[in-house]
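Every chain is numbered from 1 and lettered A, B, ... according to where its sequence line falls, protein lines coming before strand lines.
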Amino acid sequence: MNFRLRVWRQPNAKARGKLVDYEARDISPNTSFLEMLDILNDNLLGRGEEPIAFDSDCREGICGVCSLTINGEAHGPDHPGAVCELYMRKFRDGATIIVEPFRVRSFPIIKDLVIDRRALDRIVQAGGFISARAGSAPEANSIPIPKHDADLAMEAAACIGCGACAAACPNGSAMLFTAAKVSHLSLLPQGNPERVARVLKMVQVMDAEGFGNCTNTYECEAVCPAEISASFIAKLNREYARASLRRGAGE
Amino acid sequence: MSESLRNDGRVWVPKRKEDREKAPGEIPETDRDYYLERKYPSYGNLAPRDISSRAAKEVCDEGRGVGPGGRGVYLDFADAIKRLGKNVIRERYGNLFEVYEKITGEDAYKRPMRIYPAVHYTMGGLWVDYNLMSNVPGLFVIGEANFSDHGANRLGASALMQGLGDGYFILPYTLPNYLAGQMGKRPPDDSPEFHKAEAEVRARVKKMLDIDGKRSLDSIHRELGLLLWDKCGMSRHAKGLREALVKIPELRETFWREVRVPGNDEDFNQSLERAGRVADFLEFAELMCTDALARNESCGAHFREEHQTPEGEALRDDEKHAAVFAWEFQGDGQLASPKLHREPLHFETVHLTQRSYK
Amino acid sequence: MIVAITGIILILFVIGHLLGNLQIFLGPDWLNGYSQHLRDLGPLLWLIRIFLLLTVIIHIYVTIHLAIENRRARPEPYIDKQYAKATFASRHMVMSGLIVLAFIVYHLAHFTVRITDARFALLRPDSLGHYDVYSMMVYGFQSYLVSGFYVLGLFLLALHLSHGSSSFFQSLGLNDKKLTPRLAVGGRIFAWLLFAGYTSIPAAVLLGLVKPAQQL
């Protein structure tokens, strides 16, 4: 298969970027999108040009490092799934493909398609943990957890922190990410003691990082490679209201 | 794909080489070789990972592998679907079947999956003491990065277990214990040692960028990978390892003479980052082969072809080799080969025996 | 959350206002009586009006503030942007809201302050001595231009509410995985029912189904 690629090139954080056209020729339909970029980079290198910088690591959809907007969709057209799980057979032969980075102010571009997502780390650092010492392993049945809660916590914990939610959101909001991180801990007994402080701090940092606000368009859940439901955002709103009331009541 | 699939899938290849291009449905039962069931009647398709991987490589090396390139064996769910129904299979493995469909564009409910062993983890890791601190004071190594808890097969569960065990139960005690002695101290960043280390790193980076040759990093990385796969992979022998120990230093020389690393060291440079890794891999590959040659026995996933039981099982030499081989870094390249420290293993309650999956 | 609460108040008003207006189909006496009843509330009516005005101001102030933050969150737009799920309505709430605001201003000037149409001053009280709201509405809607703008304003209001009337559940956290899609459909039906209810009045007037109770 042959493709015409229009790829965002930007030498560094301060420089202005632009789309540059490339041809990808004789690509097998079984090639993954990132492998196709590897092949393109090999050709560029052979021609003495600088390869396209893009992030990837595990290439099996679990690390959350790949972060491309392909034809205007975070992680490309094959939802749910990260870019690394996108294969070229999903495109038409001869198609033009536009490749851009995730565009959110809080994710500054480092180079070409590589972005800095430490803003998400700082949200987690604000409260996405349990500070109680675990001690030795307790008897498994000593803390009963309803199956429903365990399942929900597991669903929320599936978040791989890729930032596609903020990238796809018309408002650049990271609510789905924060909601998943808050929910997964607040649903479990171990996370309960710090529940109030956690949601208040994490939301505060999320706002301070300059993410936009949620206007319930649900674009985030449509592109989420881990299929996190936007109902976790409703849960976050609930958690936040509850925590604010408790704080307000002097607790 | 995940190994759990072997719980219900049957592994086979065509009996004859000529059939390997045929569609799987066109090959009748009588012409199929369910080689795991044949070789290991009691465990069959559930034979451990090292055994089944080796067996898959064997049949492919015989020229009976399926799919483009001939590196693949069938993992067939037809019988399981007949026995349990499609819905049960979907419930158990639905997500994996979806992943397979994404990657290959094939429907594994209708057509057997094609699988092949691949390097997933490597056994071993950085040496640590009882407190999980390496021989560099203050450098703690936890989880899979350290050498401590590996069996013959490093499965997902043991990887998780080690990460959780180290992180939850060991580090909270040992790390504060170390830090307690460091209160109020900050390592100085203007000591001669610091400047020396910085100068060394800068010189190494400059050297890489200045080579400006013709070989791409990818081509060297791939050549090294293939060499290790062939000579130091699922099964190895002394002759192959010795060959690898000749070829790796040659490849290292090629790297330092002919590689091309674009960009500079001021901006973000993924090629430079990668070059550093490939340079490390070259050192590390040599160490792996050195270690595999020194361990003159078979032991779990380290399968030396010259050391096997008549059943084809790993044959250990507990007299000589019941020990950890810890190699101390002495500097880059052949000029300084790593120094071996043997830490004998003691088994008090459970004793070493020969395993059998017949 | 503030947007959601003020939004709910305004939605309740829109429902109430529709129920009031639909009384036009019950004849002039009924409608004129109802409007006289509202005016008889006196200070209470003003209290409600001020409350609604404040609600509108807060709703707009907060949303504009949020919209500015949202714009700042993505200073460099995508060159190509496709939406997988976000509806047109949900992405253009500010635009639809601001046009609805312009419509409300005109609407108040038209029917409440009555400064845009000189004929309204000429209307005589009806037989019970009430102001003839019925005829006012009919004369008002007899102009295609006025009715057209009215329908356009309502169209945008319906668009605004097709997202807003289910969205507030999510903002208030009154939502879960099963409820969300149902509420979204419910919200859309609700919004377009409102649209149908409101536009039925100018449509009936223009089709001549409702005639003025007095001649000018």
Side-chain angles (χ1 to χ4, degrees), chain A residues 6 8 16-19 69-75 77 79 96-107 109 152 155 166-174 207 209-223 229-242 244, chain C residues 1-5 7 59 62-97 160-185 187:
Chain A
R6 309 196 62 206
W8 185 260
R16 284 190 69 81
K18 61 174 198 293
L19 287 181
T69 303
I70 299 166
N71 286 343
E73 287 185 65
H75 289 308
H79 307 296
T96 299
I97 304 171
I98 299 180
V99 191
E100 293 178 75
F102 283 0
R103 294 192 191 278
V104 185
R105 188 184 64 159
S106 316
F107 298 161
I109 296 175
L152 261 187
E155 269 178 44
C169 176
N171 311 325
S173 163
D207 288 341
E209 287 292 343
F211 288 105
N213 304 287
C214 180
T215 57
N216 308 334
T217 66
Y218 307 133
E219 188 64 17
C220 50
E221 71 171 9
V223 300
S229 160
S231 60
F232 283 112
I233 296 180
K235 184 165 170 49
L236 174 66
N237 289 330
R238 228 161 34 231
E239 283 284 321
Y240 188 77
R242 176 183 176 277
S244 303
Chain C
M1 182 151 308
I2 296 167
V3 179
I5 294 169
H59 190 76
V62 175
T63 44
I64 295 288
H65 182 72
L66 293 178
I68 291 169
E69 282 185 4
N70 294 347
R71 194 153 291 186
R72 276 199 204 125
R74 181 169 297 131
E76 182 151 16
Y78 285 102
I79 291 163
D80 182 24
K81 182 77 184 129
Q82 300 292 323
Y83 289 95
K85 188 159 188 174
T87 55
F88 180 84
S90 72
R91 287 183 277 123
H92 297 95
M93 292 297 276
V94 171
M95 189 268 300
S96 59
H160 197 76
L161 292 184
S162 70
H163 175 66
S165 62
S166 59
S167 175
F168 73 79
F169 287 101
Q170 172 87 356
S171 299
L172 294 178
L174 304 169
N175 217 345
D176 68 23
K177 221 175 182 173
K178 272 188 209 141
L179 220 53
T180 310
R182 289 181 202 167
L183 285 172
V185 173

Enquirer: Report the option among A:Ser173, A:Ser106, A:Gly212 that has the most heavy-atom pairs separated by less than 4.5 Å from atoms of chain C.
Expert: A:Gly212
Enquirer: For A:Ile98, is it the side chain, the backbone, both or neither that has a heavy atom under 4.5 Å from a heavy atom of chain C?
Expert: side chain
Enquirer: Any side-chain to backbone donor/acceptor pair from C:Tyr78 onto A:Ala168? Under 3.5 Å, distance only.
Expert: no
Enquirer: Please confirm whether the backbone N or O of A:Ala230 pairs with a side-chain atom of C:Gln170, one donor and one acceptor, at under 3.5 Å?
Expert: yes
Enquirer: For A:Phe211, is it the side chain, the backbone, both, or neither that has a heavy atom closer than 4.5 Å to a heavy atom of chain C?
Expert: backbone
Enquirer: Could you check whether any side-chain N or O of A:Glu73 sits under 3.5 Å from a backbone N or O of C:Ala84, counting only pairs where one atom can act as donor and the other as acceptor?
Expert: no
Enquirer: Look up atom CG in C:Asp80 and atom CZ in A:Arg6, then write down how far apart they are to the nearest 0.5 Å.
Expert: 9.5 Å
Enquirer: Counting only non-hydrogen atoms closer than 4.5 Å, does A:Pro101 touch chain C with its backbone (N, CA, C, O), its side chain (CB onward), both, or neither?
Expert: backbone
Enquirer: Atom OH in A:Tyr218, atom OG1 in C:Thr180: separation rounded to 0.5 Å?
Expert: 5.5 Å
Enquirer: For C:Arg74 and A:Cys169, indicate whether the former's side chain and the latter's backbone hold a donor-acceptor pair under 3.5 Å.
Expert: yes
Enquirer: From A:Arg105 CZ over to C:Arg72 CZ, what is the distance, rounded to the nearest 0.5 angstrom?
Expert: 7.5 Å
Enquirer: Please determine, among A:Thr215, A:Thr217, A:Val104, the option with the most heavy-atom pairs under 4.5 Å with chain C.
Expert: A:Thr217
Enquirer: Please check if the side chain of A:Asn213 supplies one atom and the backbone of C:Leu66 the other of a donor-acceptor pair under 3.5 Å.
Expert: yes
Enquirer: Answer with side chain, backbone, both or neither: which region of A:Glu221 has an atom nearer than 4.5 Å to a non-hydrogen atom of chain C?
Expert: side chain
Enquirer: Please examine the side chains of A:Arg103 and C:Lys81, heavy atoms only from C-beta on, and report whether any two atoms are closer than 4.5 Å.
Expert: no
